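Notes for the one structure printed next.
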There are 2 protein chains.
Amino acid sequence: MDRLERVMPIGSLAERTGVKVETIRYYEQVGLLPPPERSEGNQRRYGRAHAERLAFIKHARDLGFAVENIRTLLRLSDTPGIACDEAHAISVAHLQEVRDKIAKLRSLEKELERIATTCSGGVAACDCAIIEALADHGQCSHAHH
Amino acid sequence: MDRLERVMPIGSLAERTGVKVETIRYYEQVGLLPPPERSEGNQRRYGRAHAERLAFIKHARDLGFAVENIRTLLRLSDTPGIACDEAHAISVAHLQEVRDKIAKLRSLEKELERIATTCSGGVAACDCAIIEALADHGQCSHAHH
DNA sequence: CTGAAAGCTGTAGGAACTACAGCTTTGGAG
DNA sequence: CTCCAAAGCTGTAGTTCCTACAGCTTTCAG
């Protein structure tokens, strides 16, 4: 089906993968995506392999993996057989990061709820509960380090 | 009690508030913190008002408010009486952002759990489930935009 | 009085892009 | 075949929120 339209310019790749043109060029620049063939006029021409690799990158970025970690994961995926341990370690560490972030955001959510509902938006009612809450560290649950 | 030691150099302010020296100078540079008095030798000398304002900034940053929003909140807190509406709007908008972020992270958590447990870290068992999961967008719950 | 610690300015870096400016190439319409 | 707008190119600068020098000067405890 796509046997005949196998190569595409950067714009089409961008459209297909949902990664912006500039970002694709950036990934090439930092070595995440290998430099593709070029047309006579020096324009990038991508094939299936590039599209797949970019999809991998996009997916991992959407999951919040750092570019450095993605670099490692890509290296591992290029190494056949070995090195699953390392991929596992990266994922587990990242999962932990995500969980920590969630916990932190939950506590922020609580405090923001408290702050936002205390002052309901009227002019007369407060002066101003939100600003006071932010000024006064005492009321909130954050511990001093 | 602190009647006599009312002014302090930047290092002490940093220690008290938990904000790094460089960051304090940065806040001054971008106009969040007003320029303090200087000593004969041109060093910054901070008083109580500065410490309070910086605490406000720190607290808001810890809550994830963007510097731009903090700038607005500070402007409001300098305006007596009026403008509670705006502070309320900023907080509510920020609360919504936080909630969205939490929701997104939860779905990432689920997918990472799935990915990380599929491949338990052995070498023989997979080749490699994590990498396949990242390469293959089909299995995950993210909708195409 | 001295000298190590702390402060100063100004600039560069970092993460992960995004957005120009000023050009060249491409590919479909006429 | 010719034209020209859209898309691509390179290279640089901007974004956000700091952090980290380098190369000085000031401070204040011993």
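All values derive from a computational prediction rather than experimental measurement.
- Within the 4.5 Å cutoff, the side chain of A:R25 has no heavy atoms near those of the A:Q29 side chain.
- A salt bridge links A:E68 with A:R71: the closest approach of a Lys/Arg side-chain nitrogen to an acidic carboxylate oxygen falls below 4.0 angstrom.
- The interatomic distance linking A:N42 (CG) with C:dT26 (C1') rounds to 13 Å, in whole Å.
- Between B:E40 atom CD and D:dT26 atom P the separation is 11 Å, expressed in whole Å.
- DNA chain C is contacted by both A:R45 and B:Y46; B:Y46 maps to the nucleotide lying nearer its 5′ end (nearest heavy atom per residue).
- With rounding to the nearest 0.5 Å, the separation of CZ in A:F56 from CG in A:L74 is 5.0 Å.
- Phosphate contact (OP1/OP2 of D:dT25, side-chain N/O of B:R38, threshold under 4.0 Å): absent.
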Would B:V7 and B:Y46 satisfy side-chain contact (heavy atoms from CB on, under 4.5 Å), going step by step from the backbone distance to the final call?
-> CA-CA 5 Å; B:V7 310; B:Y46 295 96; over 6 Å; no

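- Here C:dT26 presents its P atom at 15 Å from CD1 of A:I10, a figure rounded to the nearest Å.
- Using a 4.5 Å cut-off on side-chain heavy atoms (C-beta onward), B:R53 and B:L33 make contact.
- Rounded to the nearest 0.5 Å, atoms NE2 (A:H50) and CZ (A:R16) are 14.5 Å apart.
- Dense packing is recorded around CD of A:E22, with more than 12 heavy atoms of other residues, nucleotides or ligands lying under 6.0 Å away.
- Looking at B:R44 and B:E28, a side-chain N of the basic residue comes within less than 4.0 Å of a carboxylate O on the acidic one, giving a salt bridge.
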Expected rows: protein N/O vs nucleotides 17-21 of chain C N/O, under 3.5 Å:
{"from": "C:dC17", "atom 1": "OP2", "to": "A:Y27", "atom 2": "OH", "distance (Å)": "3.0"}
{"from": "C:dC17", "atom 1": "OP2", "to": "A:R61", "atom 2": "NE", "distance (Å)": "2.8"}
{"from": "C:dT18", "atom 1": "OP2", "to": "A:T23", "atom 2": "OG1", "distance (Å)": "2.9"}

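- Atoms CZ (A:R71) and C1' (C:dG14) sit 13 Å apart, rounded to a whole Å.
- Atom-to-atom, CE of A:M8 to C1' of D:dA6 comes out at 19 Å; the value is rounded to the nearest Å.
- The bend of the helix from C:dC1-D:dG30 to C:dG30-D:dC1, defined by the angle between the axes of its first five and last five pairs, stands at 0° to the nearest 10°.
- In this entry the distance linking CG of A:N69 with P of C:dA16 reads 9 Å, nearest Å.
- A straight line from CD of B:E28 to P of D:dC18 spans 15 Å, rounded to a whole angstrom.
- Distances shown here put every side-chain N or O of A:S39 at or beyond 4.0 Å from the OP1 or OP2 atom of D:dG8.
- Closest approach to the A:R44 side chain among C:dT25, D:dT10, D:dT27 is made by D:dT10 (side chain taken as heavy atoms from C-beta onward).
- Between the CD1 atom of A:I57 and the C1' atom of C:dA15 there is a distance of 16 Å, rounded to whole Å.
- Of the inter-residue distances, the one linking A:R61 atom CZ with A:T23 atom OG1 reads 10.0 Å to the nearest 0.5 angstrom.
- Taking only side-chain atoms of A:Q43, from C-beta outward, the nucleotide of C:dG7, C:dT26, D:dT10 with the closest atom is C:dT26.
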